[in-house]
Number of protein chains: 2
Amino acid sequence: MERRASRPRIADVARVAGVSKTAVSFAFNSPERLSLETADRIREVAESLGYRPHPVARMLTQRRTMALGVLTPQALSVIFSNPFFALFNEGIARAAEEHGYELHFISPIHGSLVTAIGRATVDGVVAIGVSAEHPEVGQVRGAGLPLVLVDSEDPPELGSVVVDDEGGARAAAAHLIELGHRDILVLAVEAPQAVGDASADAPLGPRAEAAVTVRRLRGYEQAFESAGLALDPAWVVAGRASIDGGAAAFQRAWAMDLRPTAVLAMGDAMALGAIRAARDLGLRVPNDLSVVGFDDIDLASHVDPALTTVHQPIRQKGFEAVRLLLAEVEQPASPVQHLRLETRLIVRGSTAPPHGRGEVPGTQQ
Amino acid sequence: MERRASRPRIADVARVAGVSKTAVSFAFNSPERLSLETADRIREVAESLGYRPHPVARMLTQRRTMALGVLTPQALSVIFSNPFFALFNEGIARAAEEHGYELHFISPIHGSLVTAIGRATVDGVVAIGVSAEHPEVGQVRGAGLPLVLVDSEDPPELGSVVVDDEGGARAAAAHLIELGHRDILVLAVEAPQAVGDASADAPLGPRAEAAVTVRRLRGYEQAFESAGLALDPAWVVAGRASIDGGAAAFQRAWAMDLRPTAVLAMGDAMALGAIRAARDLGLRVPNDLSVVGFDDIDLASHVDPALTTVHQPIRQKGFEAVRLLLAEVEQPASPVQHLRLETRLIVRGSTAPPHGRGEVPGTQQ
DNA sequence: GTGAAAGCGCTAACAG
DNA sequence: CTGTTAGCGCTTTCAC
């Protein structure tokens, strides 16, 4: 009856090798505290038994998991289908694996982020799309976990990584204005209705994404003001941050009899959607309609015409967030850090002067 | 000194509420075993203290983690930058969240998949790009974890989800042959050099991806044979499964004086790379060169010309893999299941008869 | 309805 | 160099 289907425990190894559990533990964790031969013999026995220290038990005693959490209010499946997250995750992943940490994605479970956080076994978390006003932030901190915010600086005592949304937006709007556009439609990101079923938590309220929207909108406004113009609120329509969302928003604007010569979209996906919708209406881009996106996802440079957009270093955002987080995780005494990364306008083929007057910028006024 | 910075434990709640630890546990896990008022009071105290059951301790006693692992030999960062995985992960994620499980990505840590698996705290794993000959498979099974293989049926006693690679490849090749092509270049996927540093494990050998390659190649051959032709091994060149890899492979073939009128690429990314390389050489697609991909990633239908390719249900593959896995996880007695999904050729704009004779298929013979 | 006590599997003082 | 022992924080029989 010595054979057992279940996983061998440390005691089994100790018994077979004729040593104490301590010795076995040392053989794995501090071999230098054992004679070479003892350590070798123990490892052989362990090997032959197929023994591996149980990771959960190990976490419990070591009080660390060697895993980092990526917290998002979005459903897991959108995290993986969204090109923005593809880049962000890539950056996160690169930093995590460089330091030997695993990655756990913390997304609503049965609609509840609170339960998801409650279950997370991580040493620290990077949160994106979340800020001060969210109960989740308090929960993570209450759990004693280091937390770094991305795209929000709100509880200032937390580490953060943000980009210059305002400056990027300003540059985008200024570009259009310089080209001579005056009838500019703004496609804003509406707060996504979080997965939420009718479960206990999730009084989601204004998400941090709203903060990004506000910053970008402010940038647009500043550019208008600098040019002595004003951004008419009626020309700001909100939609979901996706291709379909952008298309729908553009159509809605059109149905409201807005006839823009240019579009400022707060995301590339929305920009692409607007282009699609405009084409369906018979408009040519950029001749009849100029479109500027935001983010500079991979696709932006591959579509035709290539999308003029505001580049933000998404990968780097993820990478730096993990770097800041690990500093806190590994030296709990270290001060929290704040990072602000640059954005820059990339002019490609989707923008031109209004009225199809070719590629040469000229003031139509 | 009652205030403590660290996380409150169950004993703290018990003490403050004036009950035993058991009662506190019951208040959370089996409230029906407590009087309503006791349970409520305990929960209030817990709330006020900010108490949350420690997830690791919980895992240890419950002997389940409510998390599933996704095992891949690729580095974490490639998992997120690769469009194939984007789709696969989406399917995985959808199924996992539907059942309330978290997802952990198990990728080499410091180059070692073995340590990564050793650390994984999951109730089961879906492995892709791995099969019988890999030590990792044995390790996972040794840990007593249910395991479902994707793209391999090799240890037949394991659950599996595969697609009809052979049939898809056959259809792709047949399509080209019917169009009249005879000089067909095959772009095969070469085994990726796993991340591996010089660390202990990773005698990686032929990866399961090799199996996919073999199946697709066999499909191509069958189509050739059915047409009374033969696939010349000299016309099969291998490259990395990426855009750059495809471009490089095509250039290499060109440098070896191969002058194909068509390309069969084992992945869409490679196909796209081949198109790029061909264009750089002054060839027009599909007039001078027809290209067929494999997989049908999102991008395939968005490029110009849209890519003719073999569609495989990548999302579904992920979704089903988790479904099969959960069946095993939740009813350990249940039999392992095997699933084979269909593929189908999707003809778009990147294929035409050879010699630029327009879009109408005609036998050039 | 409530609590005492025995683990879950491992680590790490502390002795010897 | 090796073993004893006491936890890590929670769950869960089993008595009361």
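First the proteins, then the strands, lettered A, B, ... as listed; each starts at 1.
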The side chain of [X] lies closest to which of these nucleotides: [options]?
X: A:Q62; options: C:dG9, D:dT13, C:dT11; answer: C:dT11
X: B:R9; options: C:dT2, C:dC10, D:dG9; answer: D:dG9
X: B:T38; options: C:dA13, C:dT2, D:dG9; answer: C:dT2
X: A:T61; options: C:dG3, D:dT2, D:dC8; answer: D:dC8
X: A:S25; options: D:dG3, C:dT11, C:dG3; answer: C:dT11
X: B:L34; options: D:dC10, C:dT2, D:dT2; answer: C:dT2

* **OP1 or OP2 of D:dG9 under 4.0 Å from side-chain N/O of B:R58** => no

* Any B:T22 side-chain N or O less than 4.0 Å from OP1/OP2 of C:dG3 -> no

* Measure across B:P146 and B:D123 and return the closest heavy-atom pair with its distance rounded to 0.1 Å. =>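 It is CD-O, 3.3 Å.
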
Under 4.0 angstrom, heavy atoms only, what part of the nucleic acid is [X] near: base, sugar-phosphate, or nothing?
X: B:R52; value: sugar-phosphate
X: B:Y51; value: sugar-phosphate
X: B:V24; value: nothing
X: B:V56; value: nothing

* Asked: Is there a side-chain contact between B:V125 and B:V70, using heavy atoms and a 4.5 Å cut-off?
  -> no

* Asked: If we only count heavy atoms from C-beta on, is the A:N89 to A:I79 side-chain gap below 4.5 Å?
  -> yes

* Return yes if some donor-acceptor pair links the side-chain N/O of A:N29 with the main-chain N/O of A:S25 below 3.5 Å, else return no. => yes

* To do: Answer yes when A:R323 and A:E328 have at least one side-chain N-carboxylate O distance shorter than 4.0 Å, and no when they do not.
  =>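 A salt bridge is absent here (no side-chain N lies under 4.0 Å from a carboxylate O).
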
* Greater than 12 external heavy atoms within 6.0 Å of B:E32's CD ->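 Yes, CD of B:E32 has more than 12 neighbouring heavy atoms, counting only those of other groups under 6.0 Å.
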
Over how many whole Å does the gap from [X] atom [atom1] to [N] atom [atom2] extend?
X: A:R15; N: C:dG9; atom1: CZ; atom2: P; result: 13 Å
X: A:H54; N: C:dG7; atom1: NE2; atom2: C1'; result: 14 Å
X: B:D12; N: D:dC8; atom1: CG; atom2: C1'; result: 14 Å
X: B:I10; N: D:dT11; atom1: CD1; atom2: C1'; result: 8 Å
X: B:L36; N: C:dT2; atom1: CG; atom2: P; result: 11 Å
X: B:R33; N: D:dA15; atom1: CZ; atom2: P; result: 14 Å
X: B:M59; N: D:dT12; atom1: CE; atom2: P; result: 15 Å
X: B:N29; N: D:dC10; atom1: CG; atom2: P; result: 11 Å

* **Most 5' of B:L60 and B:G18 on DNA chain C, judged by nearest nucleotide** => B:G18

* Hey, which of these two, A:K21 or B:P55, hits DNA chain D nearer its 5' end, going by closest nucleotide? ->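 Looking at DNA chain D, the more 5' nearest nucleotide goes with A:K21.
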
* Asked: C:dA12 base to A:S30 side chain: any donor-acceptor pair below 3.5 Å?
  ->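 Not at all, since no donor on one side and acceptor on the other fall under 3.5 Å apart.
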
* Asked: Do B:S35 and C:dT2 share a donor-acceptor pair, side chain to base, under 3.5 Å?
  -> no

